[in-house]
Amino acid sequence: MTRAMGAAMRRIHVGNALSAFGLGFTVPYLYVYVAQVRGLGAMTAGLVLAVFAVAALIVLPFAGRAIVRRGPRPVLLAALVTAAVGALSLGLASNSTAVLLAAAALGAGQAVMQPALATMIVDCSTADTRSRAFAMQFFLQNLGLGVGGLIGGHLVDSTRVDSFTLLFSIEAAVFLLLAVVMATVRMPHSPRIEDAPAQSAKGSWKRLLGNRAMVQLCVLGFVLFFACYGQFESGLSAYGVEAAGISTSALGTALAANTLMIVVAQFAVLRFVERRRRSRVIAGVGLIWAVAWVMAGYAGLGHGSQEMATAAFVSTYALFGLGEAMLSPTVAPLVADLAPTGMAGQYNSAFALVKQLALAVGPAVGGPLGASLHAPYIVTFLLFSLGITFLALRLGRRLTAVQDQPWLGRSRVVARGGAAAEPVVAEA
C-alpha cells in the first residue's frame with residue numbers, strides 16, 4: 001500500500017466511525033420519539049422504521065450504478081448531505097407526513113453510505129491488506145454504534161421535545177462533518193465506467209447475475225443476515241423475554257456482550273482467519289451460530305435456574321459476536337474479489353441490497369415466531385445456521401483458489417476492485 005493510499009484509508013476509517021456514531025446516536029430512540037414525544041402513535045412509529053428499509057431498497061440499485069460511473073466519493077458526499085437534511089428535518093417534524101418524508105431521506109442517505117465506503121476501502125487497499133481493512137471497518141462501526149447510543153441515551157429526555165431536536169441536529173452536524181472529511185480524501189485512480197451507454201445499466205446487472213459465485217454469495221449473505229442480524233432486536237429479544245423471562249437489564253447486558261466480544265476478539269480472530277479458506281471460515285461461523293441457538297434453546301426451554309437461563313442467553317449474543325468478528329474480514333473482501341475490474345461499487349451495492357432485504361424480512365418472521373412459538377423458533381434458526389455451513393462449503397467449490405485463499409495471490413498483481421476475470425467452474 002502506498003503512502004497516499006494509507007492516508008486515504010485513515011480518513012475512510014474515520015468516516016466509518018462517524019457514520020456509525022450518527023446511526024447509533026438516534027436510531028435506538030426513534031420509536032420513543034415518534035410514538036411518545038411527538039405523540040404520533042405506535043402505528044406511525046412502526047411506519048417510520050419500515051420507511052427506513054423501503055428507502056434503502058429503492059435507492060441501492062441506483063447507488064451501485066452511480067458508484068461505478070462516478071466513483072464512490074461523489075456518491076458518498078450526496079448521501080451524507082441527504083442524510084443530514086433528513087436528520088435535521090426529523091428533529092423538527094411535528095406531523096406524520098413530515099416525519100415519514102424525513103425518515104425516507106435519512107434512511108436513503110444512510111443506506112448508500114455503506115456500499116460507497118466499502119468501495120472506497122476496495123480502491124484504497126490491495127489483496128494483501130483488504131481483509132485487515134474490512135476488519136478495522138467493522139471494529140470502528142461497532143465502536144461508533146456503541147458510543148453513539150451511549151451518548152445519545154444521556155442526552156434525550158422523553159418529556160422534552162427540544163432534547164430530541166438537539167439529538168437530531170447533532171446527528172446532522174456529524175454527517176456534514178463527515179462530508180468535509182471525505183471531501184479531503186485523495187482517492188487513487190480506479191477503473192470507472194463513465195462512457196458506457198444508457199442501456200449498460202441493465203447489462204451490468206445481467207452480468208452480475210451471470211456470475212454464479214456472486215449469486216451464491218448473495219443467497220448465503222441473505223441467510224447470514226436473516227438468521228443473525230435480523231433477529232437481534234426482534235425475534236431473539238422477544239423469545240428471551242417471553243420464553244426465558246429475561247429482564248430488560250439482562251437484555252441490555254446481552255447486547256453489550258455482543259459488542260464487547262467483537263471489540264475484544266476482532267483482531268485476534270483476524271490472525272486466525274487470514275490464513276484459512278474463506279468458505280471454511282464462513283462454514284465455521286454457521287456451526288458457531290448453531291451452538292448459539294442451542295444455548296438460546298436452553299435459556300428458554302431448559303429447566304435450569306433463572307441465573308443459568310440468563311447466562312445462557314448472554315452467551316448466545318456473545319457467540320453471535322464471535323461469528324460476526326470472523327465474517328467481517330471474510331465476506332466483504334470476497335465480494336470485492338468477485339467483482340470484475342471497475343464493478344466493485346455495483347457488487348457492493350447488490351450485497352447491501354441483499355442485506356437490507358434480510359433485515360426487513362428477518363424481524364417480520366422472527367418477531368411473532370420468537371414471541372409465541374418458542375420451540376419452533378429455535379429449531380428454525382438452528383437449521384438456518386446449519387444451512388449457512390452447507391451453503392458456504394458449496395460456495396467454496398465455485399471460487400477460484402485465489403478468491404478462496406487470497407494469500408496465494410500475493411506474488412501476482414491483482415486488479416483493484418476484484419479478480420481479473422470471473423471463474424469458470426463446472427456446475428457443482
Side-chain angles (χ1 to χ4, degrees), residues 19-63 78-114 145 148-149 151-176 229-235 237-238 241 248 352-353 355-368 370-371:
S19 65
F21 176 85
L23 183 63
F25 203 55
T26 58
V27 168
Y29 315 107
L30 271 175
Y31 186 91
V32 172
Y33 171 67
V34 176
Q36 299 177 11
V37 178
R38 287 295 183 183
L40 299 176
M43 178 71 74
T44 302
L47 286 174
V48 165
L49 298 177
V51 162
F52 266 82
V54 172
L57 296 178
I58 290 174
V59 300
L60 281 171
F62 301 100
L80 289 168
V81 172
T82 302
V85 171
L88 186 59
S89 301
L90 198 54
L92 298 173
S94 58
N95 59 71
S96 298
T97 301
V99 164
L100 292 173
L101 289 174
L106 180 58
Q110 288 179 334
V112 175
M113 290 180 205
Q114 179 184 348
L145 283 169
I151 295 176
H154 283 84
L155 287 178
V156 296
D157 181 348
S158 59
T159 64
R160 294 173 50 219
V161 173
D162 61 327
S163 70
F164 283 87
T165 301
L166 174 64
L167 192 74
F168 286 106
S169 298
I170 294 174
E171 182 183 34
V174 168
F175 288 137
L176 293 177
Y229 299 91
Q231 304 307 312
F232 270 5
E233 296 176 3
S234 58
S237 59
V241 172
T248 53
L353 180 63
K355 177 180 178 180
Q356 287 296 329
L357 282 169
L359 294 180
V361 175
V365 173

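Values below: all heavy atoms of this structure, side chains included; hydrogens, waters and symmetry mates excluded.
Across all their heavy atoms, Ala87 and Glu171 have their closest contact at CB-OE1, 3.4 Å. A pairwise comparison of heavy atoms in Val48 and Ala103 identifies CG1-CB, 3.8 Å as the closest pair. Closest of all the heavy-atom pairs between Ala172 and Ala84 is CB-O, 3.4 Å. Pairing each heavy atom of Leu40 with each of Ser94, the nearest pair is CD2-O, 4.1 Å. The two residues Met113 and Ala83 come nearest to each other via the heavy atoms CE-CB, 3.5 Å. The shortest non-hydrogen separation linking Ala111 to Val59 is CB-CG2, 4.4 Å.
Atom OH in Tyr33 sits 5.5 Å away from atom CG in Leu90 (nearest 0.5 Å). Here Leu100 contributes atom CG and Phe52 contributes atom CZ; the two are 10.5 Å apart, rounded to the nearest 0.5 Å. The CG atom of Leu88 lies 11.0 Å from the CG atom of Leu106; values are rounded to the nearest 0.5 Å. The structure places CD of Gln356 at 12.0 Å from CD1 of Ile58, a figure rounded to the nearest 0.5 Å. Here the CG atom belonging to Leu353 is positioned 5.0 Å from the CG atom belonging to Leu357, to the nearest 0.5 angstrom. Residue Leu80 holds its CG atom at 10.0 Å from CD of Gln110, rounded to the nearest 0.5 Å.
Looking at Thr165 and Leu92, their side chains come closer than 4.5 Å, going by heavy atoms from C-beta outward.
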Run the side-chain contact (heavy atoms from CB on, under 4.5 Å) check on Arg38 and Phe164 step by step: do they pass?
CA-CA 10 Å; Arg38 287 295 183 183; Phe164 283 87; over 6 Å; no
